[in-house]
Amino acid sequence: MVFKKLLGALGVGGPGVDTVLTTPVVQPGGTLQGTVELSGGTVEADIRGITLTLVARVEIEHEEGESTGLYPFARFSVTAPLVLAPGENRSIPFAVQVPWETPVTSVAGQHLHGMQLGVRTEVDIAGALDKGDSDPLGVEPLPVQHRILDTLLQLGFRFRSADLEAGHIRGTGQTLPFYQEIEFSPAPQYAHACNSLEVSFVTTPHRVEVVLEADKRGGLFGHGGDVIRTHVVEHGQAGQDLTGLVDGWIRAAL
């Protein structure tokens, strides 16, 4: 028995953990559902808790340059303490709301290159090494976000890349420790005045702040550099034609 306890403390003969997402793709503010499947090992496991953590790969700027790292941005406890008997199988269902500011990883089923989000499962086992599991998470834009992105494509902008930047967008209601930048090559009618356009969303249950950052070209009558403008749309505007609105935003910035 002492030998079995020692093996359990070393992670040998302990339970297996597998997280199954029934909603592998969600929207910001949506519900992530699934089960944590526990399979008992050869020794009894005193499980003190199971935690789900949403993580994202984020770019971090520092004095030496730039690096990337995994940022946790939401944590959920999904079960009270329990005892798992040897050989016992148990399913722990969960349903948790992801943050409204969760970045999107795909648009209309097309993955945004550079985006990487995941769900990390941590099982706290008394007297033993923690068990864990990790699963990728896909996030589709909300209808009004999709409308903005689709409008940019209709205006002639072309998707270039996407990333997550550590920091805060000044003047917005951002609460996460990072923000998403979706970068587009300029539409032909703006190419003379703009090198690129970056879009960020700061989303709440009631509205979306749309942050546009235009990299202006220098010229005879003006200076180049970044111009940042923030605009607000309501979720209810998803069903409207926003072409004139978005076009006006860009023309005003340039």
Chemist: Would you list the pairs meeting side-chain hydrogen bond (donor to acceptor under 3.5 Å, both in side chains) in which at least one residue belongs to residues 88-99, sequence neighbours left out?
Modeler: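 Every pair satisfying side-chain hydrogen bond (donor to acceptor under 3.5 Å, both in side chains) with a residue in residues 88-99: E37-S91, E88-R90.
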Chemist: Hydrophobic clusters here meaning ILVMFWY residues chained together by side-chain heavy-atom distances under 4.5 Å, can you tell me if L197 and M115 are in one?
Modeler: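 L197 and M115: one cluster.
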Chemist: Sequence neighbours excluded, which residues qualify as side-chain hydrogen bond (donor to acceptor under 3.5 Å, both in side chains) partners of Y190?
Modeler: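 For Y190, the residues satisfying side-chain hydrogen bond (donor to acceptor under 3.5 Å, both in side chains) (neighbours in sequence not counted) are D247.
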Chemist: Kindly indicate whether the side chain of L54, heavy atoms from C-beta on, has any atom under 4.5 Å from the side chain of F76.
Modeler: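 Yes, at least one pair of side-chain atoms sits under 4.5 Å.
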Chemist: Using only atom types and a distance under 3.5 Å, with no angle test, would you say the side chain of Q180 pairs donor to acceptor with the backbone of V104?
Modeler: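 Answer holds: yes.
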Chemist: Say you draw a straight line from CD of Q240 to CD of E234; how long is it, rounded to the nearest 0.5 Å?
Modeler: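 Atom-to-atom, Q240:CD and E234:CD are 10.0 Å apart.
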Chemist: So, using ring-ring contact (aromatic ring centres under 6.0 Å, His included) as the criterion, who are the partners of F184 when residues are at least two apart?
Modeler: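 So F184 forms no ring-ring contact (aromatic ring centres under 6.0 Å, His included) with any residue.
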Chemist: When you group the ILVMFWY residues by side-chain heavy-atom contacts below 4.5 Å and let the links chain together, are L153 and V210 in the same group?
Modeler: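 Yes; L153 is reachable from V210 via cluster members.
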Chemist: So which atom in S106 and which in E140 form the shortest heavy-atom distance, rounded to 0.1 Å?
Modeler: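 Heavy-atom minimum between the residues: OG-OE2, 3.2 Å.
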Chemist: If two hydrophobic side chains count as joined below 4.5 Å and joins carry through other members, does V98 share a cluster with L70?
Modeler: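 V98 and L70: separate clusters.
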Chemist: Test of understanding: with ring-ring contact (aromatic ring centres under 6.0 Å, His included), list the residues that count as partners of Y179, not counting sequence neighbours.
Modeler: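 Partners of Y179 under the ring-ring contact (aromatic ring centres under 6.0 Å, His included) test: none.
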Chemist: Within the 3.5 Å criterion, strictly below it, is a donor on S200 or E213 matched to an acceptor on the partner's side chain?
Modeler: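 No donor-acceptor contact under 3.5 Å links the two side chains.
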Chemist: So, Q145 side chain and L142 main chain: donor-acceptor pair closer than 3.5 Å or not?
Modeler: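 Indeed, once roles are kept as given, a pair shorter than 3.5 Å links the two residues.
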Chemist: Rounded to the nearest 0.5 Å, how far does CG of L149 lie from CZ of F159?
Modeler: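 With rounding to 0.5 Å, CZ (F159) is 9.5 Å from CG (L149).
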Chemist: Considering all heavy atoms of both residues, which atom of P72 and which atom of V55 are nearest to each other, and what is their separation?
Modeler: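 Heavy atoms only, the tightest pair is CA-CG1, 4.0 Å.
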Chemist: Mark yes or no for whether H146, through its side chain, and V107, through its backbone, hold a donor-acceptor pair below 3.5 Å.
Modeler: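 Side chain of H146 to backbone of V107, a donor-acceptor pair under 3.5 Å: no, none is there.
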Chemist: Specify the closest pair of heavy atoms between I125 and A45, including all atoms of both residues, with the distance to one decimal.
Modeler: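 Heavy atoms of I125 and A45 come nearest at CG2-CB, 4.3 Å.
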Chemist: Taking all non-hydrogen atoms of both residues into account, name the closest pair between P15 and L84 and its distance.
Modeler: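 Here P15 and L84 meet closest at CB-CD2, 3.6 Å.
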Chemist: Rounded at 0.5 Å granularity, tell me how far CG in L164 sits from CG in L117.
Modeler: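 Going from the CG atom of L164 to the CG atom of L117 covers 6.5 Å.
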Chemist: By the ring-ring contact (aromatic ring centres under 6.0 Å, His included) test, which pairs, at least two apart or in different chains, include something from residues 228-254?
Modeler: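 Residue pairs passing ring-ring contact (aromatic ring centres under 6.0 Å, His included), neighbours aside: W100-H235, H231-W249.
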Chemist: For residues 17-27, which side-chain donor-acceptor pairs fall under 3.5 Å, sequence neighbours excluded?
Modeler:
residue : atom : partner : partner atom : Å
T19     : OG1  : T121    : OG1          : 2.6
T22     : OG1  : Q33     : O            : 3.1
T23     : OG1  : Q33     : N            : 2.7
T23     : OG1  : Q33     : O            : 3.4
Q27     : NE2  : P141    : O            : 3.1

Chemist: Could you state the interatomic distance from OG1 (T68) to CD1 (I60), rounded to the nearest 0.5 Å?
Modeler: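 Interatomic distance, T68 OG1 to I60 CD1, rounded to 0.5 Å: 7.5 Å.
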Chemist: With I47 as reference, evaluate D124, L38, V83 under the side-chain contact (heavy atoms from CB on, under 4.5 Å) test and give the passing residue.
Modeler: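 It is L38; the other options fail the test.
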Chemist: Side-chain heavy atoms nearer than 4.5 Å, only ILVMFWY residues, links allowed to pass through others: does that put V202 and I182 together?
Modeler: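 No, separate clusters.
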Chemist: Any idea which heavy atoms bring L137 and T105 closest together, and the distance?
Modeler: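 Looking at all heavy atoms of both residues, the closest pair is O-CG2, 4.0 Å.
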Chemist: Which atoms form the tightest heavy-atom contact between A56 and F178, and what is the distance?
Modeler: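 A56 and F178 have their closest heavy atoms at CB-CZ, 4.1 Å.
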Chemist: Pair I148, L242 - check side-chain contact (heavy atoms from CB on, under 4.5 Å), show working.
Modeler: CA-CA 7 Å; I148 297 293; L242 301 181; 3.8 Å; yes
Chemist: L176 versus Y71: any side-chain heavy-atom pair under 4.5 Å?
Modeler: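 A side-chain contact under 4.5 Å is absent here.
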Chemist: Determine which pairs satisfy salt bridge (charged side-chain N to carboxylate O under 4.0 Å, His left out) with at least one residue from residues 185-210, sequence neighbours left out, and list them in order.
Modeler: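 Every pair satisfying salt bridge (charged side-chain N to carboxylate O under 4.0 Å, His left out) with a residue in residues 185-210: there are none.
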Chemist: With clusters built from Ile, Leu, Val, Met, Phe, Trp and Tyr whose side-chain heavy atoms come within less than 4.5 Å, directly or transitively, what are the remaining members of the cluster of V232, listed by chain and number?
Modeler: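 Grouped by the 4.5 Å side-chain rule, V232 forms a cluster of one, so the answer is none.
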Chemist: Taking side-chain contact (heavy atoms from CB on, under 4.5 Å) as the test, write out the residues that go with D241, two or more places apart.
Modeler: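 In terms of side-chain contact (heavy atoms from CB on, under 4.5 Å), with neighbours along the sequence ignored, D241 is linked to T243.
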Chemist: Keeping to residues at least two apart or across chains, list the salt bridge (charged side-chain N to carboxylate O under 4.0 Å, His left out) pairs with something in residues 156-177.
Modeler: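 The answer is R160-E183.
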Chemist: Do the side chains of L212 and V199 get nearer than 4.5 Å, heavy atoms only?
Modeler: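 Yes, at least one pair of side-chain atoms sits under 4.5 Å.
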Chemist: Let me confirm one number: the CD-OG1 distance from E101 to T175, rounded to the nearest 0.5 Å.
Modeler: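 Between E101 CD and T175 OG1, I get 3.5 Å after rounding to 0.5 Å.
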Chemist: Output every pair passing side-chain hydrogen bond (donor to acceptor under 3.5 Å, both in side chains) with a member in residues 49-58, not counting sequence neighbours, ordered by first then second residue.
Modeler: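 Listed once each, the pairs are T53-R75, R57-Q116.
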Chemist: Counting C-beta onward and ignoring hydrogens, is there a side-chain heavy-atom pair between L245 and Q237 closer than 4.5 Å?
Modeler: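 They are in side-chain contact.
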Chemist: Got a second to check how far T203's OG1 is from Q174's CD, nearest 0.5 Å?
Modeler: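 Separation between the atoms: 11.0 Å.
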Chemist: Applying salt bridge (charged side-chain N to carboxylate O under 4.0 Å, His left out) as the test, list every pair that has at least one member in residues 106-121; sequence neighbours left out.
Modeler: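 Applying salt bridge (charged side-chain N to carboxylate O under 4.0 Å, His left out) to every pair that reaches into residues 106-121, excluding sequence neighbours, yields R120-E122.
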